[in-house]
Peer 1: 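Got a structure for you, questions after.
Per chain, numbering begins at 1; letters A, B, ... match sequence-line order.
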Protein chains: 2
Amino acid sequence: MPVIKPEQVTAGGERKNRKELRLHSSIARDLGLRIVSGRYRPGHVLAGEIEASGQLKVSRSAYREAVRMLAAKGLVQSRTRTGTRVSAVEQWHLLDPDVLAWVFAGEPELEVLQGLFELRTIIEPEAAAIAAARRNDENLEVMRNALERMGLHTVNVEAGRIADRDFHSELLRATRNPFIISLTNGVAAAVHALTEFKQREHALKRDPLPEHWRVFEAIEAKDTERARTSMAELIRLAITDMPVKRWPDNWTDSRLVRDSG
Amino acid sequence: MPVIKPEQVTAGGERKNRKELRLHSSIARDLGLRIVSGRYRPGHVLAGEIEASGQLKVSRSAYREAVRMLAAKGLVQSRTRTGTRVSAVEQWHLLDPDVLAWVFAGEPELEVLQGLFELRTIIEPEAAAIAAARRNDENLEVMRNALERMGLHTVNVEAGRIADRDFHSELLRATRNPFIISLTNGVAAAVHALTEFKQREHALKRDPLPEHWRVFEAIEAKDTERARTSMAELIRLAITDMPVKRWPDNWTDSRLVRDSG
DNA sequence: TCAAGTTGATTTCTCAGACAAATGCTATCT
DNA sequence: AGATAGCATTTGTCTGAGAAATCAACTTGA
């Protein structure tokens with residue numbers, strides 16, 4: 001099962017749909033997707049470097065660099081003689097932008113969705129409050145511009161989703177907290193993929209713009225408390241927009257939780 | 001300036017102080033430390049592969065694998081012709097366990113400390129509340145065992161610090177939220193290094209055990225509200241224990257914030 | 001004059017093959 | 001039965017060679 005090479009993608013007649021990944025990155029994404037999708041389970045030992053690189057029709061060095069990237073993201077662990085094995089889920093760097101994107105590339109499980117929204121429910125209202133206290137005029141302008149673009153395009157098209165992501169990114173940036181900002185890149189990627197996922201099922205009926213403006217106005221007024229509550233409401237509404245039949249009370253059966261080595 | 005090779009460390013007469021990193025991991029740590037410490041600033045272009053690997057006295061492939069690992073952690077970006085350059089701080093995966101450990105390996109800046117505690121103040125009280133609702137008996141036993149070890153050794157020795165870390169890790173694990181658990185590994189590593197840092201200045205006068213037991217009892221009783229408040233108090237006390245003269249109101253001058261090339 | 005294409009130089013990227021080091025397994029010895 | 005020494009297997013490291021990408025300068029044509 002050869003990996004999709006960048007040249008083959010562009011040569012396939014389609015426009016270059018992504019960033020034209022290099023070979024090692026393509027292999028890493030390929031293996032990463034198989035791991036987070038559950039095709040390669042924790043504990044599974046990958047084929048040896050010679051065999052694996054041979055199957056993928058790539059050199060050993062390219063394959064090794066891909067494995068090294070996955071190891072850096074906590075997905076695999078290599079040892080001499082033992083081989084390269086998929087790590088326990090607890091070792092995965094789930095907030096790594098790439099890993100998160102891979103997790104949400106397929107149909108994400110209900111429990112995973114809930115986990116992400118739970119994290120957002122914890123982080124983002126507090127982040128909005130901090131942003132209200134520390135934001136400067138430039139943050140405000142970027143956020144205003146993002147919301148105007150969002151209103152222009154709607155989140156049903158790519159440009160609108162990008163604007164949505166820009167708004168949340170800039171909000172977290174306004175907190176001036178490097179760790180919260182670092183969360184941005186990952187969560188923003190996931191939310192972006194998620195909005196696309198919602199769109200996949202059916203176009204969004206409700207207009208999410210009003211609650212975004214309410215958050216903006218609170219931050220503009222440096223009203224921390226109103227920023228917190230309005231952001232909490234925004235996320236609550238976003239959850240209700242998910243095309244989900246019922247939200248489980250627990251998710252101990254989730255694949256991400258169950259597997260552990 | 002050759003990188004410290006694993007063999008040299010063990011051959012140096014000292015006991016193997018760590019996990020005997022492989023060569024590529026050693027190089028990655030070496031470069032990673034230089035980057036997060038500010039020696040290589042964002043925008044800085046590293047020496048070419050041939051020159052750099054020559055200076056470090058290693059092969060190009062080992063050096064390349066190291067660079068690939070750093071790229072996977074968002075610290076650098078490689079492009080043909082342009083070379084490999086240090087990414088903007090916003091691109092760094094600051095919550096990656098390795099990156100976090102590297103950041104806290106030296107004397108962390110005041111503003112970085114504050115950033116981490118701010119994140120903990122947001123996350124951990126809520127996590128404690130969720131843990132109180134979802135914990136099972138095994139979580140409880142692991143946490144109880146950790147606190148008993150913590151009381152036995154005190155946080156002034158390594159065994160006690162490990163017990164402290166185990167307690168917080170198991171607490172976050174009890175939330176059953178994969179994303180929160182993923183935060184664990186990084187934050188736990190940082191807090192561990194941090195407690196060591198506190199110890200470096202002067203032994204802890206106050207005994208942090210009572211507030212830990214209060215959190216434990218709240219979770220044991222499945223009292224979500226008390227778990228939240230007692231954890232908030234635990235973190236507040238931990239902040240006061242930091243050997244810091246004054247906490248700044250803002251940190252716009254932080255290196256982590258200022259650099260964005 | 002200026003835009004568009006061409007060429008050249010530089011750097012990472014990819015490939016190939018060889019040997020070294022680590023380590024789990026097994027047979028052997030005490 | 002347990003320790004120990006070899007053996008086999010897998011990743012780790014090294015070397016050397018082109019290929020591909022891309023920035024800068026140059027050339028060409030309207």
Peer 1: Using the side-chain heavy atoms of A/Thr80, tell me which of these nucleotides is nearest: C/dT12, C/dT23, D/dC14.
Peer 2: C/dT23
Peer 1: Counting only side-chain N and O atoms of B/Arg60, is one of them less than 4.0 Å from OP1 or OP2 of D/dT15?
Peer 2: no
Peer 1: Starting at CG of B/Leu23 and ending at C1' of D/dT11, how long is that distance when rounded to a whole Å?
Peer 2: 13 Å
Peer 1: Any donor-acceptor pair under 3.5 Å between the side chain of A/Arg81 and the base of D/dA8?
Peer 2: yes
Peer 1: Rounded off to whole Å, could you give me the CZ-to-P distance for the B/Arg79 and C/dT12 pair?
Peer 2: 12 Å
Peer 1: Counting only side-chain nitrogens and oxygens, does A/Ser59 get under 4.0 Å of the OP1 or OP2 atom of C/dT14?
Peer 2: no
Peer 1: Given D/dG12, is OP1 or OP2 found less than 4.0 Å from the side-chain N or O atoms of A/Arg68?
Peer 2: yes
Peer 1: Quickly work out the B/Glu49 CD to D/dT15 P distance and round it to whole Å.
Peer 2: 15 Å
Peer 1: Between atom CG in A/Leu21 and atom C1' in D/dA20, what is the gap in whole Å?
Peer 2: 16 Å
Peer 1: Under the criterion side chain to side chain contact (heavy atoms under 4.5 Å, CB included), I'd like the reasoning laid out for B/Leu119 against A/Ile123: C-alpha separation, chi angles, the key distance, then a yes or no.
Peer 2: CA-CA 9 Å; B/Leu119 184 65; A/Ile123 291 275; 4.0 Å; yes
Peer 1: Hey, are the side chains of B/Arg176 and B/Asn139 touching, using non-hydrogen atoms and a 4.5 Å cut-off?
Peer 2: yes
Peer 1: Less than 4.0 angstrom from a charged side-chain N to a carboxylate O is my criterion; do B/Asp98 and B/Arg29 meet it?
Peer 2: no
Peer 1: Can you tell me the distance, in whole Å, between the CD1 atom of A/Ile50 and the P atom of C/dC15?
Peer 2: 15 Å
Peer 1: Whole angstroms only, please: what is the CG-P distance between A/Leu56 and C/dC15?
Peer 2: 10 Å
Peer 1: Take the protein atom CZ of A/Arg85 and the nucleotide atom C1' of D/dT9, then report the distance between them rounded to whole Å.
Peer 2: 15 Å
Peer 1: Look only at the side chain of A/Lys73 and the backbone of B/Ala72, and say whether a donor-acceptor pair between them is shorter than 3.5 Å.
Peer 2: yes
Peer 1: Looking at A/Arg161 and A/Glu158, does any basic side-chain N land under 4.0 Å from a carboxylate oxygen?
Peer 2: yes
Peer 1: Return the value, rounded to whole Å, for the distance between atom CZ of B/Arg64 and atom P of D/dG16.
Peer 2: 17 Å
Peer 1: What nucleic acid atoms does B/Ser61 come within less than 4.0 Å of, heavy atoms only: base, sugar-phosphate, or nothing?
Peer 2: base
Peer 1: A/Thr82 or B/Thr84: which one's nearest nucleotide on DNA chain C is closer to the 5' end?
Peer 2: B/Thr84
